[in-house]
Amino acid sequence: MYIPNKQVVENPIKNYSKTKKSRVILNCGVGYESDLEFVKKLAIETITNNFDAVKKTDEVLFLYREFGDSAINFELRYWINSTSGLEVAKSKTEAIIQLKKAFDANNINIPFPIRTLDIPNLKFGDKELSVVK
């Protein structure tokens with residue numbers, strides 16, 4: 001199907017979808033010391049237990065994405081019964097709150113990035129300056 005650029009620019013486009021749902025995608029990371037199988041199970045159960053649109057644990061997609069600088073990063077995906085961008089944002093907010101509570105209750109660390117700087121001693125003429133550690 002071809003649509004002239006002029007029509008796309010000058011007219012509103014209505015997206016007729018077969019579903020009245022939206023997917024929520026949440027990214028997070030856990031410490032390298034974490035039991036990854038337990039983290040996955042806990043995260044899926046937390047989403048299933050806190051969102052009416054999610055009826056079964058197999059409706060939550062959990063994927064480990066990468067070994068990050070400070071964490072093993074994962075992605076959670078689930079559907080909600082709304083097509084509103086605001087409702088997706090609210091659901092994501094609630095998911096973050098519930099996951100943080102579940103992780104805190106189970107001593108699962110959500111690390112923040114840490115940078116270590118190595119600053120060598122500096123010389124100015126015949127004087128050496130050192131950085132206090």
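For CD of Glu37, the number of neighbouring non-hydrogen atoms (other residues, nucleotides, ligands) closer than 6.0 Å is 12 at most. The number of heavy atoms from other shown groups lying within 6.0 Å of CG (Asn27) is above 12.
Residue pairs meeting the ring pair (Phe, Tyr, Trp, His ring centres under 6.0 Å) criterion with at least one partner in residues 54-74, sequence neighbours excluded, are Phe62-Tyr64, Phe62-Phe74.
Residues satisfying the salt bridge (Lys or Arg N to Asp or Glu O under 4.0 Å) criterion with Arg77, sequence neighbours excluded, are Glu75. Take Lys92 and apply the salt bridge (Lys or Arg N to Asp or Glu O under 4.0 Å) test, not counting sequence neighbours, and it matches no residue. Annotation: ring pair (Phe, Tyr, Trp, His ring centres under 6.0 Å) contacts of Phe38 (sequence neighbours excluded): none.
Closest heavy-atom contact between Ser82 and Ser22: O-OG, 2.6 Å. Smallest separation of non-hydrogen atoms from Pro111 and Gly31: CD-N, 3.4 Å.
For the atom pair Asn106 CG and Ser34 OG, the distance stands at 10.5 Å (nearest 0.5 Å). We find the CD1-CZ distance between Ile80 and Arg23 to be 12.0 Å, quoted to the nearest 0.5 Å. Rounding to the nearest 0.5 Å gives a distance of 5.0 Å between NZ of Lys21 and CG of Asn81. Ile72 contributes atom CD1, which lies 10.5 Å from atom CD of Glu66 (distance to the nearest 0.5 angstrom).
A continuous path of ILVMFWY side-chain contacts below 4.5 Å connects Leu26 to Val60, so both sit in one hydrophobic cluster.
Pro113 places none of its side-chain heavy atoms less than 4.5 Å from the side chain of Asp69. The side-chain heavy atoms of Leu76 and Leu61, taken from C-beta on, include no pair separated by under 4.5 Å. Counting heavy atoms from C-beta on, the side chains of Leu42 and Ile108 come closer than 4.5 Å.
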Which donor-acceptor pairs under 3.5 Å do side chains of residues 96-103 form with protein atoms, sequence neighbours excluded?
residue : atom : partner : partner atom : Å
Gln98   : NE2  : Glu94   : OE2          : 2.7
Lys100  : NZ   : Asp104  : OD1          : 3.0
Lys100  : NZ   : Asp104  : OD2          : 2.7

Under 3.5 Å, which donor-acceptor pairs do the side chains of residues 48-55 form with other protein atoms, sequence neighbours left out?
residue : atom : partner : partner atom : Å
Thr48   : OG1  : Ile44   : O            : 2.8
Asn49   : ND2  : Glu45   : O            : 3.1
Asn50   : ND2  : Thr46   : O            : 2.7
Lys55   : NZ   : Asp52   : O            : 2.9

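Under a 4.0 Å N-O distance rule, the pair Glu87/Lys90 qualifies as a salt bridge.
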Inset, instruction - Starting from the C-alpha separation in whole Å, work towards a yes-or-no answer on side-chain contact (heavy atoms from CB on, under 4.5 Å) for Val24 and Trp79. - result: CA-CA 6 Å; Val24 179; Trp79 293 92; over 6 Å; no
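Judged purely by distance below 3.5 Å, without hydrogens or angles, the side chains of Tyr78 and Ser91 pair a donor atom with an acceptor atom.
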